[in-house]
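To start, the structure itself, in structure tokens.
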Amino acid sequence: MAVIKPYNGNEPYIFISYSHRDTDYVYPIIEELSKRGYRVWYDMGIDPGTEWDENIASHVTGCGYFLAFLSENYLRSDNCKDELNFARDLGKKQVLIYLEDVELPAGISLRFGRFQNFRADRPGFLGRLYEAEGIQAFTTGKKLRSKRWILPTVLGVAALIAAALILPGMLSKEKPQPEPETQ
């Protein structure tokens with residue numbers, strides 16, 4: 001899997017909060033969001049030599065949408081919990097995404113129990129995420145092109161060309177008349 005370059009621009013973006021121990025689960029989701037044109041920022045966008053906590057705080061402050069990928073690893077990370085609480089304190093639109101069955105500590109459950117949430121391991125998860133309230137505001141509307149379109153497009157064009165060449169000839173030909181019988 002290729003590492004997706006985090007969004008860097010002036011448009012509103014989605015902040016991805018996750019535990020680095022869950023990278024194998026989270027990066028493919030980041031890649032799918034990026035392919036669909038979502039502006040996504042995650043900590044791979046931290047410039048070397050900058051202060052980590054200031055950079056994270058700046059990006060949480062600047063984001064318009066906050067996705068938290070919950071797992072046991074996430075709940076054990078003070079940094080992840082700080083990001084989650086900071087985004088809530090700032091009033092950021094948040095969606096919680098469960099990577100696994102976890103029981104939220106009472107304080108987090110109290111503060112985040114009413115937030116929209118999804119299970120990443122359920123069929124149709126990405127489709128439901130794309131329909132989450134307000135998330136469409138953070139996409140360019142342009143999907144990254146996939147090479148999967150090539151074969152269907154080529155076959156479709158070939159079918160149109162064949163129809164254009166064959167159909168007029170078939171329509172213009174008169175039906176053959178039976179030859180008269182001779183004795």
Could you check if a side-chain atom of [X] sits within less than 4.5 angstrom of a side-chain atom of [Y], using non-hydrogen atoms only?
X	Y	value
Tyr130	Glu32	yes
Ile14	Ile135	yes
Leu67	Leu33	yes
Arg39	Tyr65	no
Asp53	Asn79	no
Ile30	Ser34	yes
Ser71	Tyr74	yes
Leu84	Gln94	yes

Given 3.5 Å as the limit, does a donor-acceptor pair link the side chain of [X] with the main chain of [Y], or not?
X	Y	answer
Ser77	Ser19	no
Lys93	Phe66	no
Asn85	Lys81	yes
Thr23	His20	yes

For the atom pair [atom1] ([X]) and [atom2] ([Y]), what is the distance rounded to the nearest 0.5 Å?
X	Y	atom1	atom2	result
Ile97	Leu129	CD1	CG	5.0 Å
Lys5	Met44	NZ	CE	12.0 Å
Lys35	Ile4	NZ	CD1	7.5 Å
Glu83	Ile16	CD	CD1	11.0 Å
Asp101	Leu99	CG	CG	11.0 Å

- request: Scan Phe15, Tyr27, Phe69 and name whichever one has a side chain to side chain contact (heavy atoms under 4.5 Å, CB included) with Tyr42.
  value: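 Testing Tyr42 for a side chain to side chain contact (heavy atoms under 4.5 Å, CB included) against Phe15, Tyr27, Phe69 leaves exactly one candidate, Tyr27.
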field: salt bridge (Lys or Arg N to Asp or Glu O under 4.0 Å) partners of Asp121, counting only residues at least two apart
entry: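 Listed in chain order: Arg119.
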- prompt: Just wondering, are more than 12 heavy atoms of other shown residues or ligands nearer than 6.0 Å to CZ in Arg76?
  reply: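 Above 12, so yes.
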task: Flag yes if more than 12 heavy atoms outside Tyr25 fall under 6.0 Å of its OH atom; otherwise flag no.
output: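 Open: at most 12 neighbouring heavy atoms sit under 6.0 Å from OH of Tyr25.
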Shortest non-hydrogen contact from [X] toward [Y]:
X	Y	value
His59	Tyr13	O-OH, 2.7 Å
Cys80	Ser17	O-OG, 4.1 Å
Pro12	Phe138	CB-CE2, 3.3 Å
Ile29	Ala120	CD1-CB, 4.4 Å

message: Before you tell me yes or no, could you show the steps for Asn73 and Tyr18 under side-chain hydrogen bond (donor to acceptor under 3.5 Å, both in side chains), namely the whole-Å CA-CA distance, both residues' side-chain angles and the distance that decides it to 0.1 Å?
response: CA-CA 9 Å; Asn73 295 323; Tyr18 69 103; over 6 Å; no
